[in-house]
Amino acid sequence: MERVTSSSNPALQKQFAMALEAHLTQGGEAALLEAYELGRTVLNERLGVLDVATLLQGALVAACQRRPPESVRTVQAAGSFVLECLSSFEMAHRAVREANTALRGLNQFLEDQTRRISHELHDEAGQLLATVYLALDDIARDLPAPAAARLQSVKTLLDRIEEELRRLSHDLRPTVLDDLGLMAALDVLAEGVSGRTGLWVKVEGQREGRLPPAIETVLYRIVQEALNNVSKHAHASAVTIVIRREARRVWCSVRDDGVGFDPGTARPAVKGIGLIGIRERLASIGGALSIDAAPGRGTELRVAIPLPNDSPRELRS
Amino acid sequence: MLPSAIKYEPYMPLVNGFLPPITSLPAIDEIRVPVESDTDIVAARQKGRALAVRLGFSSGEATMVATAISELARNIVLYAKRGEMIFGRESNGDGPILVITARDEGEGIADVRQAMQDGYSTAGRLGVGLPGVKRLMDEFEISSTVGQGTVVVVKKWKE
């Protein structure tokens with residue numbers, strides 16, 4: 001007899017076939033409980049829905065081969081067996097859906113907090129510093145020259161604090177991203193990385209119109225993380241960032257001319273802990289990421305994010 | 001002897017001694033199934049599923065009911081040794097509601113919040129157990145007292 005099962009686990013396949021046969025011949029709740037327990041067991045063994053479906057298909061085919069083709073009742077009973085086996089996967093599926101919603105909320109919360117802290121650093125702390133400058137000038141006027149000179153060195157320190165605050169605030173959440181959008185923010189980011197590292201960074205893409213804020217944020221963070229990785233690991237001289245918008249999705253590519261790596265053998269540390277954050281951010285909005293790298297031929301990180309159907313393609317800020 | 005089911009039902013709309021109108025009380029024809037072995041789990045599932053079918057639930061919904069019963073009964077057998085399950089019906093304006101009560105006088109659960117969390121450490125078990133039951137049902141209530149026992153009441157509305 002031809003073997004029809006394609007399951008990679010013959011022992012499990014046999015168990016499924018026997019349990020289904022017992023259900024079809026004897027029926028009753030005990031056999032259905034057996035079906036549920038089988039489903040629960042294979043879920044615990046980390047099988048996927050399609051693995052279970054394959055096992056069930058094998059069991060169903062085996063059952064049908066022992067029966068005349070009239071058996072509507074058999075197929076119906078087999079159907080309830082199938083439902084039982086998949087029920088624990090339904091629970092797991094609901095758990096994943098719930099976790100995804102929670103993840104999305106958490107990301108939003110983090111982003112909101114970051115924005116708040118960034119703006120407070122920029123506005124509140126900046127205001128306070130300005131007041132301190134004025135007060136110092138005031139004191140300096142009443143002081144003899146040598147003491148006023150010492151105050152000047154305090155002001156030099158304050159300048160550094162102000163610059164540091166500005167940089168912190170910008171790294172947390174560039175106001176330009178909120179005010180002028182992704183492309184403008186990427187330009188500023190590129191300029192900053194260029195200035196700090198000497199990398200030649202080019203930003204390409206359509207400059208008119210805005211994307212939904214959540215997507216702009218994720219793309220900005222991804223490019224930020226990618227540039228971070230390039231400057232740390234790639235030994236590159238140039239990076240090109242491309243943002244391409246289509247009707248249904250937006251693409252992003254970050255390509256460098258550095259040393260690249262072998263994705264097959266790269267240790268997790270080389271792949272970058274930051275990538276985990278990127279993948280989670282992407283997952284929460286249904287995006288996907290791929291990395292194209294080979295030793296000596298640079299690295300390209302590609303991202304695709306679906307746009308919501310009702311997303312206005314030309315939204316004025 | 002187990003105390004009466006009514007005493008444990010925290011969802012009963014009893015405010016300041018005001019008795020709710022008789023229509024919102026659980027139906028009198030409750031079905032009780034003692035649970036202390038795998039055979040009893042089968043019996044409980046059979047009774048619960050039959051009621052679900054009688055109330056007009058789809059086979060998918062009936063499967064979810066059977067799954068909830070399995071998980072609750074399994075907990076009783078595993079952790080409390082014995083207890084009972086009670087199946088009843090309620091109705092609101094939209095249609096029938098199947099009510100499942102699982103009670104035991106076991107050790108109780110010290111940390112209910114923890115029991116309601118998914119087992120993060122073992123990824124394979126994702127979503128089964130009490131959190132899974134909660135997701136399959138429309139209403140879920142648990143109360144547990146250490147040394148006295150646990151009561152879980154879940155409800156499934158007919159879609």
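Reminder, nothing fancy here: chain letters follow the sequence lines and each chain counts from 1. Hydrogens, waters and symmetry mates play no part in the numbers below; they use all other heavy atoms, side chains included.
Nearest heavy atom pair, residue B:Asp38 against residue A:Leu33, reads O-CD2, 4.4 Å. Between A:Met91 and B:Val133, the shortest heavy-atom contact is SD-N, 3.9 Å. Closest approach of A:Arg94 and B:Leu136 over heavy atoms only: NH1-CA, 3.7 Å.
With rounding to the nearest 0.5 Å, the separation of OG1 in B:Thr39 from CD in A:Glu29 is 13.0 Å. Within the model, atoms CD of B:Glu61 and CG of A:Leu83 stand 11.5 Å from one another, a figure rounded to the nearest 0.5 Å.
Proximity to chain B (any heavy atom under 4.5 Å) is shown, for A:Leu86, by neither the backbone nor the side chain. Looking at B:Thr63, both its backbone and its side chain come within 4.5 Å of chain A, counting heavy atoms on both sides. Only the side chain of A:Glu37 comes within contact range of chain B, judged by heavy atoms closer than 4.5 Å. Contacts of B:Ala43 with chain A are absent, with no heavy-atom separation under 4.5 Å from either backbone or side chain.
Counted within 6.0 Å of NZ on B:Lys134, heavy atoms from surrounding residues, nucleotides or ligands total 12 or fewer; the atom is thus considered open. Crowding of B:Tyr79 atom OH: a count of heavy atoms from other residues, nucleotides or ligands under 6.0 Å not exceeding 12. Counting non-hydrogen atoms of other residues, nucleotides and ligands closer than 6.0 Å to CD of B:Glu107 gives a total of 12 or fewer. Around the CZ atom of A:Arg116, the shell of radius 6.0 Å holds more than 12 heavy atoms that belong to other residues, nucleotides or ligands.
With respect to chain B, the highest number of heavy-atom pairs below 4.5 Å among A:Glu98, A:Arg97, A:Glu34 belongs to A:Glu98.
Between A:Glu84 and B:Arg45, at least one side-chain N (NZ, or NE/NH1/NH2) sits under 4.0 Å from a carboxylate O, which counts as a salt bridge.
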